Amino acid sequence: MQQSAIRGNIDFIPYKDWYVPGSVDYPLHSDVPIESIPPSAFDPSPNERGIAREQNQTQSSNQERVDLVNKLNIQMGESSSEQMIESWLKQCRGLKLALDINRLARFAVCRNALAVVEYLVWKENVDLTCQDVEGRSAIFYAFPSDGMLKCVMSYVPENSKLQIIGHQDRPYGRTPMYYAVEHRNFNAVEFLLEMGADFQIKDRSDNLPTALLAQKSTPGISLDDDTSHIMLIFEFYNMLQIRPHFPIGVWRGGKEQTILLNQLEASWHSPESMVMLGHSTRPFTWIHITEANGIAAFGILWQYGRDMQYPAYVRRAFSSSFRESVRVPMNRSLPYRDPSYESNSKIATDPRQDLQVSIVFPCFVLVERAGLSSRRRYWEKSRAETTDYRFLQSMLQPERTIDEAYFPSLSAKALDARNEHQVVVREYVPDEENTLVFSDAWRPILMVYQLWVWRFGRGILTAYPMDQVYYFKSNGVGSNVGVDRLKHPGIIIGMIIANHISKFGTRKSGEPSTLDIFESGITRILTDVDGYMDTNSSSRPDMRKEHEFMFRIADIREELAMIQEVLEQQLGILDDLINDFEQNNPEKHAFLDPSVEPTDYSSETLQDREDWKVVKRSRTKIEKYQKWAERIDRDAERVEKRIQDQLNLKRTHVSINDARAGLILSTAVIGFTVITIIFAPLAFVTGLFALPVDVFLKNQFQFVGNSSPDPEEGEQSTSAYTTTYVATWFVVAEVVSLVVTILLVVLCLWLLGGAGTFTALQGNKSKELETRSGYSPREDQTDGDKAGNVTGARISLRTRATNLLRRRRHGASIEA
């Protein structure tokens with residue numbers, strides 16, 4: 001590689017300004033003039049520079065040089081031929097002009113003139129590794145076309161390739177990878193990665209190539225954009241370095257194997273490897289990853305598409321199946337894909353190559369709460385290891401609870417509270433023998449996992465949080481299964497989904513299924529209510545307990561609605577799968593051909609037919625689950641009504657007891673009031689008689705008698721009242737007290753609106769008066785008076801007195 005720290009230019013073509021690959025000054029590379037291509041960097045001797053300058057000035061006119069430059073700028077392009085560049089070079093040499101042939105080659109690379117580059121390499125012996133004065137070789141200008149990039153690298157010696165793709169230019173310290181990213185050229189990025197380029201080399205500003213994507217990307221990156229694909233492929237290579245031991249399960253040809261992520265690419269291109277996918281000469285292959293990791297899925301599918309010779313097709317298919325969900329989750333740490341079934345079977349011509357299927361299938365799973373906490377910590381660590389872009393973070397999708405799947409718009413705090421009160425968490429009852437060692441961390445919680453399935457040709461990729469070996473065996477695949485047993489990928493996909501459907505209603509090791517827990521929960525609630533309603537207990541209504549009963553039954557019904565929603569999604573996807581396989585599938589299956597008699601079926605066809613029956617019976621299972629859930633909901637509704645009736649009965653019973661106690665208390669109060677009314681005046685009058693009041697003193701008389709126990713003292717006189725006088729005052733006091741009490745009670749009732757009877761009597765008298773006189777006193781009332789009649793008890797005393805005075809005057813006039 002030729003390098004020099006000294007800039008020199010012996011080319012007759014002037015150098016006006018230097019061109020930066022990807023510069024906004026030239027959005028189209030066909031517009032870049034050769035004057036903007038920096039000259040080659042070398043150190044000519046003073047004699048060489050003088051000779052070149054003399055040739056460029058004396059052997060040709062200025063106009064001839066300008067015409068040659070303009071001709072080159074016009075003719076250089078993708079359609080340029082060897083004859084064109086050969087003719088142009090002859091004209092230059094005929095005029096004995098000094099020419100920088102390596103600069104001309106870089107210009108041809110920039111203009112994507114493939115024929116010109118090949119001519120210059122073979123006929124002019126140009127050096128494509130030669131750098132210009134900015135430290136850039138021809139590869140820096142090759143990114144408008146990935147075909148040109150491959151052409152340039154094909155002429156670079158093997159021992160110089162790593163040095164070329166890792167070289168940093170002088171102005172910015174950027175490698176060719178930066179300019180590939182700058183041009184959003186995914187194929188160029190892919191090619192450089194295959195050549196061993198390091199995408200983590202930082203420039204002089206301490207930025208990685210991904211920083212260019214972050215600067216120029218809009219907030220809502222589309223998965224169909226090459227920008228997102230470049231980000232994904234960088235992150236996949238980053239994952240290869242951070243998690244090289246990420247396990248991948250592979251099943252092919254009746255054998256299963258677990259390989260590591262860093263072994264995948266090497267295994268892919270090995271002819272004897274079992275990872276070879278899709279070609280018609282290869283048997284069916286199934287790859288499984290143990291989590292819903294979109295980055296790993298993209299990387300595996302990308303490598304598969306590259307092996308299949310149509311990587312762009314696979315990338316587009318992945319993008320269409322990984323669009324953003326309709327309801328954006330409030331909790332950004334719980335992204336998800338919408339359940340879906342997508343297939344191109346109607347337009348696929350060769351099922352072994354073109355057939356593409358993408359499925360997102362929701363699955364019910366009961367896991368321990370401790371296991372959920374462990375998984376959440378695992379996903380937090382994975383997100384911390386992933387580049388902090390929202391787009392990339394959304395490709396890592398943790399498992400969600402049923403509340404998180406049904407209410408994605410709730411906050412993380414609200415979802416945590418709902419998870420704590422989930423039905424299976426609250427209503428699960430462990431076996432008696434396990435009760436002593438049972439803890440809340442072992443309680444099950446209902447999850448909605450997502451099964452991701454991609455099919456391309458005769459290969460499928462699944463992503464599901466389960467160990468690859470166990471997952472193969474649980475779906476009827478093991479090392480004892482022959483190659484012909486799994487000949488049709490479509491049937492295998494159906495069997496995988498059917499297996500997940502059947503697990504929902506299966507009881508494992510004596511443990512209840514999800515719906516069993518719901519049924520037992522209803523029974524427990526009813527038992528608790530019966531204990532609360534115990535007739536031998538005299539406890540009063542407990543609002544906390546009653547609220548708990550209603551909350552538990554409402555929570556059961558709400559989660560049953562969530563389960564029904566997921567079952568509907570499963571049924572829709574299963575129907576699409578069955579219809580697509582039977583109606584649109586370009587693969588021919590004898591058991592689906594009505595013209596073929598069952599007696600003519602081969603043993604393989606008979607087995608395929610039985611397997612497909614299992615898939616179709618899954619629809620009946622879903623319908624059975626739906627009916628089961630509906631029955632539980634009806635039972636819950638009846639129990640809810642019974643609970644309400646019983647609680648109302650308890651409240652009524654307590655109300656009756658309270659009324660009875662209130663009646664006794666009111667009777668006692670009335671008795672006390674009567675006694676008080678009777679004896680209060682007597683006490684008051686007695687007190688008055690004891691005071692020296694002149695009115696009372698006038699009515700006293702002197703009572704003479706011997707009241708002393710000593711007979712020597714003789715007779716003494718005492719002031720006293722007559723019995724009649726005292727009795728008269730007592731009677732008057734009692735009468736006044738009763739009258740005043742009654743008047744005050746009536747007045748209070750009247751003012752407080754409780755004298756409806758008096759108002760009715762008053763209305764009847766007014767009607768009688770109107771009938772006798774033919775005159776309505778309402779005609780003389782003002783608007784405020786009429787409004788007061790309507791409002792009844794809220795009318796003022798002044799208005800009532802005025803109306804009463806008018807009626808009396810009107811009655812007097814009639815008598816006159």
Side-chain angles (χ1 to χ4, degrees), residues 1-2 11-13 15 18-23 26 28-42 68-93 97-158 160-161 163-165 167 169 175-177 179-180 182-183 185 187-192 194-195 197:
M1 182 184 299
Q2 300 179 18
D11 198 351
F12 81 94
I13 302 174
Y15 175 42
W18 53 279
Y19 162 70
V20 179
S23 172
Y26 299 106
L28 298 177
H29 296 276
S30 59
D31 296 336
V32 179
I34 191 171
E35 297 93 328
S36 296
I37 301 296
S40 300
F42 64 96
L68 283 173
V69 172
N70 291 337
K71 181 180 179 180
L72 181 64
N73 285 331
I74 293 173
Q75 293 183 349
M76 185 68 75
E78 295 182 11
S79 60
S80 299
S81 62
E82 296 180 3
Q83 292 77 14
M84 184 278 295
I85 193 62
E86 185 178 8
S87 173
W88 189 83
L89 288 174
K90 282 184 179 180
Q91 294 181 44
C92 293
R93 287 164 180 163
L97 296 174
L99 182 65
D100 187 347
I101 196 68
N102 290 323
R103 181 187 184 191
L104 179 63
R106 289 191 295 275
F107 178 61
V109 171
C110 181
R111 286 290 189 94
N112 197 27
L114 186 60
V116 175
V117 173
E118 292 178 345
Y119 175 84
L120 294 176
V121 170
W122 291 106
K123 298 297 179 66
E124 300 294 333
N125 295 320
V126 300
D127 183 7
L128 296 180
T129 66
C130 176
Q131 297 179 9
D132 59 23
V133 293
E134 303 298 339
R136 302 188 185 100
S137 60
I139 190 177
F140 284 82
Y141 300 90
F143 297 110
S145 169
D146 47 289
M148 178 59 72
L149 177 63
K150 295 178 180 179
C151 173
V152 170
M153 292 303 297
S154 66
Y155 294 120
V156 175
E158 288 294 331
S160 299
K161 287 184 177 180
Q163 184 181 1
I164 286 291
I165 62 179
H167 179 71
D169 62 5
T175 63
M177 180 65 77
Y179 296 103
E182 185 83 10
H183 288 287
N185 191 333
N187 293 330
V189 171
E190 178 185 28
F191 179 77
L192 291 175
E194 288 181 359
M195 297 295 296

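For clarity, every value in this text was computed on a predicted model and none was experimentally measured.
- Taking CG of Leu72 as the start and CG of Leu104 as the end, the distance is 6.0 Å to the nearest 0.5 Å.
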### Query
Checking side chain to side chain contact (heavy atoms under 4.5 Å, CB included) for the pair Met177/Ile165: CA distance, chi angles, key distance, verdict?
CA-CA 7 Å; Met177 180 65 77; Ile165 62 179; over 6 Å; no
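- At least one donor-acceptor pair closer than 3.5 Å links the side chain of Arg111 to the backbone N or O of Met76.
- Annotation: the span from Ser160 atom OG to His167 atom NE2 amounts to 12.5 Å, rounded to 0.5 Å.
- In this structure, Met195 CE and Leu149 CG are separated by 8.5 Å, a value rounded to the nearest 0.5 Å.
- With sequence neighbours excluded, the residues satisfying salt bridge (charged side-chain N to carboxylate O under 4.0 Å, His left out) with Glu124 are Arg93.
- Within the 3.5 Å criterion, the main-chain N or O of Met84 finds no donor-acceptor partner in the side chain of Ser87.
- Under a 3.5 Å cut-off, the side chain of Arg106 and the backbone N or O of Ile139 do not form any donor-acceptor pair.
- Lys71 NZ: more than 12 foreign heavy atoms inside a 6.0 Å radius.
- Judged by distance alone, with hydrogens and angles left aside, the side-chain atoms of Arg103 form a donor-acceptor pair with the main-chain N or O of Ile13 at under 3.5 Å.
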### Message
Determine whether Leu89 and Tyr119 satisfy the following criterion, side chain to side chain contact (heavy atoms under 4.5 Å, CB included), listing intermediate values before the conclusion.
### Response
CA-CA 12 Å; Leu89 288 174; Tyr119 175 84; 4.0 Å; yes
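- Between Cys151 and Leu114, the shortest heavy-atom contact is SG-CD1, 3.3 Å.
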### Task
For side chain to side chain contact (heavy atoms under 4.5 Å, CB included), just list the numbers for Val116 and Glu82, CA-CA rounded to whole Å, side-chain angles, deciding distance to a tenth of an Å, and then say yes or no.
CA-CA 6 Å; Val116 175; Glu82 296 180 3; over 6 Å; no
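- The distance from the SG atom of Cys130 to the CD1 atom of Ile101 is 11.5 Å, given to the nearest 0.5 Å.
- Checking Asp169 against Gln131 by side-chain atom types alone, no donor-acceptor pair falls below 3.5 Å.
- Neither side chain, Asn185 nor Tyr179, offers a donor N or O lying under 3.5 Å from an acceptor on the other.
- Atom CZ of Phe143 sits about 10.0 Å away from atom CZ of Phe191, to the nearest 0.5 Å.
- Between Pro33 and Phe107 the shortest heavy-atom distance is C-CE1, 3.7 Å.
- Summarising the geometry, atom CG belonging to Leu68 is positioned 6.5 Å from atom CG belonging to Leu97; distances are rounded to the nearest 0.5 Å.
- The nearest pair of heavy atoms linking Leu128 to Ala105 is CD2-CB, 4.1 Å.
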### Query
Between Leu99 and Trp88, is a side chain to side chain contact (heavy atoms under 4.5 Å, CB included) present by the stated rule, with each step listed?
CA-CA 12 Å; Leu99 182 65; Trp88 189 83; 4.0 Å; yes
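- Minimum interatomic distance between Pro176 and Phe140 (heavy atoms only, all atoms of both residues): CD-CZ, 3.7 Å.
- Summarising the geometry of Ala115 relative to Ser81, their closest heavy-atom pair is CB-CA, 4.4 Å, with the distance given to 0.1 Å.
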### Task
Would you check, one step at a time, whether the test side-chain hydrogen bond (donor to acceptor under 3.5 Å, both in side chains) holds for Asn102 with Ser40?
CA-CA 7 Å; Asn102 290 323; Ser40 300; 4.5 Å; no
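- The shortest side-chain heavy-atom distance between Val156 and Thr129 falls under the 4.5 Å cut-off.
- Pro38 and Glu134 get closest at one heavy-atom pair: CG-CG, 4.0 Å.
- In this structure the side chain of Ile85 never reaches within 4.5 angstrom of the side chain of Gln75, judged on heavy atoms.
- Side chain to side chain, Asp132 and Tyr141 meet the donor-acceptor criterion of an N or O pair below 3.5 Å.
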